[in-house]
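Below you'll find the structure, written out as structure tokens, and then a few comments.
Chain identifiers are assigned alphabetically (A, B, ...) following the order of the sequence lines, protein sequences preceding nucleic acid strands; residue numbering begins at 1 within each chain. Both backbone and side-chain heavy atoms feed into the values below; hydrogens, waters and symmetry mates do not.
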2 protein chains.
Amino acid sequence: MTANSKEAILAAAKQSAQAHGYGGLNFRDLASEVGIKAASIYHHFPSKADLGVAVARRYWEDTKEDLDNLREADDPSSALRQYPGIFRRSLENANKLCLCSFMSAEYDDLPEPVKKEVQTFADVNVAWLSKELTAAGVVPAKKSEERARAIFAAVAGAQLMARSRSDIALFDTLIECYRAAGLLPA
Amino acid sequence: MTANSKEAILAAAKQSAQAHGYGGLNFRDLASEVGIKAASIYHHFPSKADLGVAVARRYWEDTKEDLDNLREADDPSSALRQYPGIFRRSLENANKLCLCSFMSAEYDDLPEPVKKEVQTFADVNVAWLSKELTAAGVVPAKKSEERARAIFAAVAGAQLMARSRSDIALFDTLIECYRAAGLLPA
DNA sequence: ACCTGAACACCGTTCAAGT
DNA sequence: ACCTGAACACCGTTCAAGT
């Protein structure tokens, strides 16, 4: 074992939750991947709900960092152009789904604090998109949040559909079609 | 018990799968809702996979019927306008998700024959949309399938996002925004 | 601090046996 | 045909004990 167990658990849980959801997360498989026993996980996370919260929070934190890096590296138009790439990378990574899309599906069965983190993921994406859309002059400031939400929902939907076909090219076609139709800036 | 058990199981399983997914489908709760024991379900469906196939097939058959009715009752433009209503009705029904969106998330853990039914659901939607888009003159025939796929993915994404907020008004706003942006015909 | 074996209560699933 | 009791496998969780 290289790093500390807590980080290793978090990383493994993130991968598993993106493939199998919160319900599909199980401590025994998780532990064996990390090289400890299931009971040991409880030393780091007092319950499954706590692990779920930690994974979802880390997930949006990582995404926020990716988004901020995009913003710093490029002008708003280019940054917006690269936004779908974040969802594409999940598909590239063993056809994985956005953790928060999966958890949105599972919403009824999620512990309350996990729900909050899922919503924060959406909020982070919408806020970033909204700011870039305004900065790029795509839509007036008054309409930017609404458009941001539409883009977020559509890109998540494209990822979901592409995953169900294990077809990254389909994802690319869908994004191109969003651009051609006018939902995403060309 | 009114009708036969098999139909009652199918109906209850459909509701449960839309709320909790294929993984969340559980025979004990299902049985108690129908008024029999869990083991009795296996008399009607030899395995969970068989039940999953039956539920998913029934689901797309029902949707196909709804779509065909829409087509017969209205001209292509009006029919297209009412398309998102099919997804809206799931949300109205106790904030439920499209069964096939949920199963797309769960794709890695689905039995092979269930995967096929999930794809057929998408195919049915895309074929209907494609035909109506061409008939309504929204896009040239050559581009209609691609656009149909984009609409299907985007509407499913809107439903997923609205579900995670238990907010039907958000679904309506997203659909309106798709129209304003040009993805859906106005 | 960090980990484990063993156990607990629970639940989805299966199957041989009932009617 | 239709249903069930009982068993099985697995789950999240706990805890006393190990280092």
Interface polar pairs with nucleotides 15-19 of chain D, N/O, under 3.5 angstrom:
none

Within the sub-3.5 Å range, which N or O atoms of nucleotides 10-12 of chain C have a protein N or O partner, and how far apart are they?
residue	atom	partner	partner atom	Å
C/dG12	OP1	B/Asn26	OD1	3.0
C/dG12	OP1	B/Asn26	ND2	3.4
C/dG12	N7	B/Arg28	NH1	2.7

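Atom CG of A/Asp50 and atom C1' of D/dT13 are 13 Å apart (whole Å). In this structure, A/Ile41 atom CD1 and C/dT4 atom P are separated by 10 Å, rounded to whole Å.
In this structure B/Tyr59 satisfies the ring pair (Phe, Tyr, Trp, His ring centres under 6.0 Å) test together with B/Phe121, sequence neighbours excluded. With sequence neighbours excluded, no residue satisfies ring pair (Phe, Tyr, Trp, His ring centres under 6.0 Å) with B/Tyr178. In terms of the side chain to side chain contact (heavy atoms under 4.5 Å, CB included) criterion, residue partners of B/Lys64 (sequence neighbours excluded) are, by chain and number, B/Trp60, B/Asp68, B/Val124. Remark: A/Ser47 pairs with A/Ala49, A/Asp50 by the side chain to side chain contact (heavy atoms under 4.5 Å, CB included) rule, at least two apart or across chains. Remark: B/Asp167 engages B/Arg165, B/Ala169, B/Leu170 in a side chain to side chain contact (heavy atoms under 4.5 Å, CB included) (not counting sequence neighbours). Residues that satisfy the side chain to side chain contact (heavy atoms under 4.5 Å, CB included) test with B/Asp66, not counting sequence neighbours, are B/Ile86.
The stretch residues 92-107 of chain B participates, sequence neighbours left out, in these salt bridge (charged side-chain N to carboxylate O under 4.0 Å, His left out) pairs: B/Arg88-B/Glu92. The list of side-chain hydrogen bond (donor to acceptor under 3.5 Å, both in side chains) pairs with a residue in residues 34-44 of chain B, not counting sequence neighbours, is empty. Within the structure, every pair that satisfies the side-chain hydrogen bond (donor to acceptor under 3.5 Å, both in side chains) test and touches residues 146-164 of chain A, not counting sequence neighbours, is listed here: A/Glu145-A/Arg149.
A close approach under 4.0 Å does occur between a side-chain nitrogen or oxygen of A/Ser40 and OP1 or OP2 of C/dT4. The side chain of B/His43 places no N or O atom within less than 4.0 Å of a non-bridging phosphate oxygen (OP1 or OP2) of D/dT4. A sub-4.0 Å separation between OP1 or OP2 of D/dC3 and a side-chain N or O of B/Ser5 is present.
A/Lys48 contributes a side-chain N or O that, together with a main-chain N or O of A/Tyr22, makes up a donor-acceptor pair within less than 3.5 Å.
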Seminar exercise, completed: With both pairing distances under 3.5 angstrom for Watson-Crick or G-U wobble, and | for a partner in another strand, the correct string for DNA chain D is ||.|||||...|||||.||

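A distance of 11.0 Å separates CG of A/Asn125 from CD1 of A/Ile151, quoted to the nearest 0.5 Å.
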